[in-house]
**Student:** 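Can you read through this structure? Questions will come right after.
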Amino acid sequence: MSNGPLEIKAISGHAGPVPGRDTSRDYDVCKLVDVTTCIGCKACEVACLEWNGYPFRETVFDNTYQTMPDLAWNYYNLIRFNEHTASDGTFSWLMRKDQCMHCADPGCLRACPADGAIVQYANGIVDFQQENCIGCQYCVTGCPFNIPKFNPETKKVHKCTLCSDRVGVGLEPACIKACPTGCLHFGSKDDMKDLAGRRAQQLREHTAHTNAGVYDPPGVGGTHVIYVLHDISNPEAYGGLPANPRVPWTVKLWKGPLKWLGNLAMFGGLLGVTLHYLRFGPKQVKEDHAEGKS
Amino acid sequence: MSATISRILRYTLNERILHWVAGLTYVYQLLTGLAFYSPHLFWIAVLLGGGPTSRFWHPWAGLLFTVALFWMLEVWRNDMRITDADRAWAKAMPHYIRNEDEDLPPIDRFNYGQKYFFWVMLWAGIIMLISGLALWFPERIPWNLRYLRYLAILLHVSAALISIGAFIIHVYMGTAMVRGGFTSIIRGEVTPAWAKMHHRLWYNRIMGAAPTRR
Ligand code: HEM
Ligand code: SF4
Ligand code: SF4
């Protein structure tokens with residue numbers, strides 16, 4: 001898998017080939033979610049919980065095929081369910097696997113003030129390091145996909161790691177392994193883009209989904225999780241997938257020009273009062289002569 | 001003028017406590033806030049007990065700071081009203097800056113700059129309180145109102161920066177520039193000469209009434 005010293009070469013007592021061996025993969029990893037073949041079985045949700053060691057959390061039943069209303073700090077991966085009526089009157093269920101998109105330009109990382117609380121690996125994975133997190137939730141504000149979730153008890157924020165701990169040793173993410181329909185794929189970004197492109201083309205040419213396309217939003221520099229959608233012109237229908245996500249301009253303003261303006265103003269202020277003191281000095285009161293000026 | 005009066009009470013104990021509750025909480029806010037403002041200043045958070053600790057206390061100290069501000073408003077509301085005497089003084093402010101105090105029209109208990117400092121801090125404090133609450137509980141702001149989160153962070157930082165500008169001048173004047181000012185906010189007292197030079201109308205007012213002495 002990812003090229004690294006911990007790529008497994010041989011496994012003792014193992015029937016069959018070493019998983020992932022001899023597959024050509026670039027350094028950039030990518031998860032492809034083909035929503036057109038997702039049946040909403042939630043195997044990936046269970047695999048995610050199992051791998052990350054979380055118990056199943058409480059939920060509410062809201063008469064849909066969605067496990068819970070939203071992602072949670074210990075629920076990284078949610079199949080969003082939407083009933084959709086197309087303009088021609090056809091009705092469908094849309095299932096979309098929602099999780100961190102592993103943006104190439106991650107708004108969470110830009111916003112985070114804590115040294116080392118968020119890292120972006122060279123393979124594209126954006127990972128939160130809870131031991132360095134101060135719990136300010138700036139990442140919540142910075143993320144255009146509404147992903148990071150706060151644990152009020154530990155005051156740490158969590159989200160999908162793209163199984164960096166598995167990928168780092170040459171395994172694929174847990175959700176990929178669990179998917180029974182093959183709607184999830186994992187590989188290099190180039191391979192996944194290629195595969196996604198061919199699948200979208202197939203849909204356009206051989207099905208009624210003439211608007212099918214690949215979701216790899218350029219506003220955040222592309223993502224390391226990409227979707228094949230039946231209708232690329234309406235990502236919002238899939239449980240609010242933003243049509244054109246970008247790092248909020250206010251976040252860029254705050255972390256960029258405002259910072260420099262502020263630094264300039266603060267240094268300017270300190271310099272100003274120092275110069276004033278050097279030029280004019282203090283106001284002293286002459287005690288016996290009340291009108292006195294020093 | 002009575003020759004026996006050597007000290008005038010400028011700030012009551014209540015006012016001094018008030019000032020220092022506001023001052024110390026502000027400094028804590030300033031330091032912890034700056035730690036999260038710039039990675040180059042993150043070490044401040046480390047010194048103050050670590051990132052999570054600083055993050056935990058910043059909003060609470062902020063609440064205390066705002067309480068102190070409103071208490072101050074309660075106590076100083078009348079003293080802080082800007083009058084015609086202040087406007088006349090403001091026109092002559094360049095003299096004040098150049099320490100040509102004899103060219104200044106007389107003023108009451110606080111000068112134009114002090115009053116403005118108070119109002120800037122009060123309004124910046126209110127903005128920081130409201131935006132700070134949004135930063136404190138971002139997940140309480142629904143996703144479709146998320147622009148409020150974005151607005152809050154800009155408002156919080158901008159108000160903080162404006163208050164810092166005012167604060168730098170305030171501290172400089174209170175400690176280095178206006179001699180006697182710092183003792184007055186610690187011990188509460190000034191000399192008659194100090195009062196006459198800086199706040200002639202106030203001096204006349206309190207001396208005309210019952211002269212305060214300790
Ligand atoms: C009731 C008042 C306040 C509340 C509830 C509040 C709350 C917050 C919160 C939740 C944050 C996010 C991270 C952190 O906790 O440090 C923050 C950041 C900050 N606060 Fe406050 N705050 C208040 C007052 C103040 C005051 C008086 C200052 C004075 C300078 C200040 C300066 C800052 C700064 C500089 C930041 C960092 C901004 C950045 O990351 O760029 N805050 N505040
Ligand atoms: S989706 Fe959100 S949390 Fe994930 S990398 Fe992008 S900005 Fe960060
Ligand atoms: S909550 Fe943690 S990860 Fe998120 S921005 Fe703050 S320090 Fe960074």
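So you know, we letter chains A, B, ... as the sequences are listed, proteins then strands, and number each from 1. Values below: every heavy atom of this structure, side chains too, minus hydrogens, waters and symmetry copies.
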**Student:** Please classify the contact between A/K259 and chain B as side chain, backbone, both or neither, with a heavy-atom cut-off of under 4.5 Å.
**Tutor:**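 Both backbone and side chain.
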**Student:** Counting only non-hydrogen atoms closer than 4.5 Å, does B/H58 touch chain A with its backbone (N, CA, C, O), its side chain (CB onward), both, or neither?
**Tutor:**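 No part of it gets close to chain A.
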**Student:** Could you tell me which of B/G51, B/A35, B/P138, B/S38 has the largest number of non-hydrogen atom pairs under 4.5 Å with chain A?
**Tutor:**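 Ranked by heavy-atom pairs under 4.5 Å with chain A, first place is B/P138.
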**Student:** Check this for me: B/W60, atom CH2, are more than 12 non-hydrogen atoms of other residues, nucleotides or ligands nearer than 6.0 Å?
**Tutor:**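 No.
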**Student:** Is it the case that over 12 heavy atoms from other parts of the model lie below 6.0 angstrom from the CH2 atom of B/W57?
**Tutor:**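 Atom CH2 in B/W57 is not crowded, with 12 or fewer foreign heavy atoms closer than 6.0 Å.
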**Student:** Tell me, side chain or backbone of A/P144 under 4.5 Å from chain B's heavy atoms, or both, or neither?
**Tutor:**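 Just the backbone, heavy atoms under 4.5 Å.
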**Student:** Considering only heavy atoms, which portion of B/L34 lies under 4.5 Å from any heavy atom of chain A: side chain, backbone, both, or neither?
**Tutor:**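 Just the side chain, heavy atoms under 4.5 Å.
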**Student:** Evaluate the side-chain proximity of A/V140 to B/R149: yes if any heavy-atom separation is below 4.5 Å, no if none is.
**Tutor:**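 Yes, side chains in contact.
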**Student:** Please flag which part of A/F150 lies under 4.5 Å from any non-hydrogen atom of chain B: side chain, backbone, both or neither.
**Tutor:**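 Only the side chain of A/F150 comes within 4.5 Å of chain B.
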**Student:** For the pair A/Y138 (side chain) and B/L135 (backbone), establish whether a donor and an acceptor sit closer than 3.5 Å, ignoring hydrogens and angles.
**Tutor:**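 No, because the side chain of A/Y138 does not come within donor-acceptor range (under 3.5 Å) of the backbone of B/L135.
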**Student:** I'd like to know which of A/K156, A/R279, A/M266, A/K255 tops the heavy-atom pair count under 4.5 Å against chain B.
**Tutor:**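 Of the candidates given, the most pairs with chain B belong to A/M266.
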**Student:** Measure distances from B/I141 to the heavy atoms of chain A and classify the residue's part below 4.5 Å as side chain, backbone, both or neither.
**Tutor:**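 Answer is neither: B/I141 stays 4.5 Å or more from chain A.
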**Student:** Checking the side chain of A/D115 only, and the main-chain atoms of B/F42 only, is there a donor and an acceptor separated by less than 3.5 Å?
**Tutor:**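 No: the side chain of A/D115 does not pair with the backbone of B/F42.
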**Student:** If you round to the nearest 0.5 Å, how far is OG1 of A/T141 from CG of B/L151?
**Tutor:**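 Rounded to the nearest 0.5 Å, the CG-OG1 separation comes out at 11.5 Å.
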**Student:** Taking side chain as C-beta onward, heavy atoms only, is A/P282 less than 4.5 Å from B/M177?
**Tutor:**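 SC-SC contact between A/P282 and B/M177 ruled out.
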**Student:** More than 12 foreign heavy atoms under 6.0 Å from CD of A/E131: is that the case here?
**Tutor:**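 Result for CD/A/E131: enclosed.
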**Student:** What verdict does the side-chain contact (heavy atoms from CB on, under 4.5 Å) test give for B/R179 and A/V285, after you've listed the backbone C-alpha separation in whole Å, the side-chain angles of each residue and the deciding distance to 0.1 Å?
**Tutor:** CA-CA 8 Å; B/R179 292 290 156 91; A/V285 181; over 6 Å; no
**Student:** Among the options B/W194, B/F56, B/W143, pick out the one with the most heavy-atom pairs lying under 4.5 Å from chain A.
**Tutor:**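 Heavy-atom pairs under 4.5 Å are most numerous for B/W143.
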**Student:** Can you check side-chain contact (heavy atoms from CB on, under 4.5 Å) on B/S54 and A/I134, steps first, answer last?
**Tutor:** CA-CA 8 Å; B/S54 303; A/I134 61 169; over 6 Å; no
**Student:** Taking everything shown except A/Y65 itself, do over 12 heavy atoms lie less than 6.0 Å from its OH?
**Tutor:**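 At most 12 heavy atoms, drawn from other residues, nucleotides or ligands, come within 6.0 Å of this atom.
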**Student:** Could you tell me which non-hydrogen atom of B/N99 sits nearest to which non-hydrogen atom of A/G281, and how far apart they are?
**Tutor:**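 Minimum heavy-atom separation between B/N99 and A/G281: ND2-O, 3.0 Å.
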**Student:** At a 4.5 Å cut-off on heavy atoms, which part of A/N132 comes close to chain B: side chain, backbone, both, or neither?
**Tutor:**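 When you check distances to chain B, no heavy atom of A/N132 falls under 4.5 Å.
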**Student:** Can you say whether B/Y147 sits under 4.5 Å from chain A via the side chain, the backbone, both, or neither, judging by heavy atoms?
**Tutor:**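 Interface part for B/Y147: neither.
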**Student:** Apply the side-chain contact (heavy atoms from CB on, under 4.5 Å) test between A/L253 and each candidate in B/V157, B/I153, B/L154; give the one that qualifies.
**Tutor:**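 Testing A/L253 for a side-chain contact (heavy atoms from CB on, under 4.5 Å) against B/V157, B/I153, B/L154 leaves exactly one candidate, B/L154.
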**Student:** Among B/G165, B/G180, B/A176, who wins on heavy-atom pairs under 4.5 Å with chain A?
**Tutor:**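 Most heavy-atom pairs within the cutoff with chain A belong to B/A176.
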**Student:** Measuring heavy-atom distances to chain A, does B/Y172 have an atom under 4.5 Å in its side chain, in its backbone, in both, or in neither?
**Tutor:**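 For B/Y172, side-chain heavy atoms alone lie under 4.5 Å from chain A.
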**Student:** Does any backbone or side-chain atom of B/Y150 lie under 4.5 Å from a heavy atom of chain A? Answer side chain, backbone, both or neither.
**Tutor:**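 The answer is both parts of B/Y150.
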**Student:** Is it the backbone or the side chain of A/C112 that comes under 4.5 Å from a heavy atom of chain B, or both, or neither?
**Tutor:**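 The answer is neither part of A/C112.
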**Student:** Can you tell me how far apart NZ (A/K283) and CD (B/E100) are? Round to the nearest 0.5 Å.
**Tutor:**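 One finds 9.0 Å between NZ of A/K283 and CD of B/E100.
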**Student:** Distance from A/H276 atom NE2 to B/I169 atom CD1, nearest 0.5 Å?
**Tutor:**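 The distance works out to 10.0 Å.
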**Student:** Flag the one option from B/G50, B/P39, B/G181, B/P52 with the top tally of heavy-atom pairs under 4.5 Å to chain A.
**Tutor:**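 Between B/G50, B/P39, B/G181, B/P52, the count favours B/P52.
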**Student:** Tell me, for A/A265 versus chain B, whether the close heavy atoms (under 4.5 Å) come from the side chain, the backbone, both or neither.
**Tutor:**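 Contact with chain B: none, neither part.
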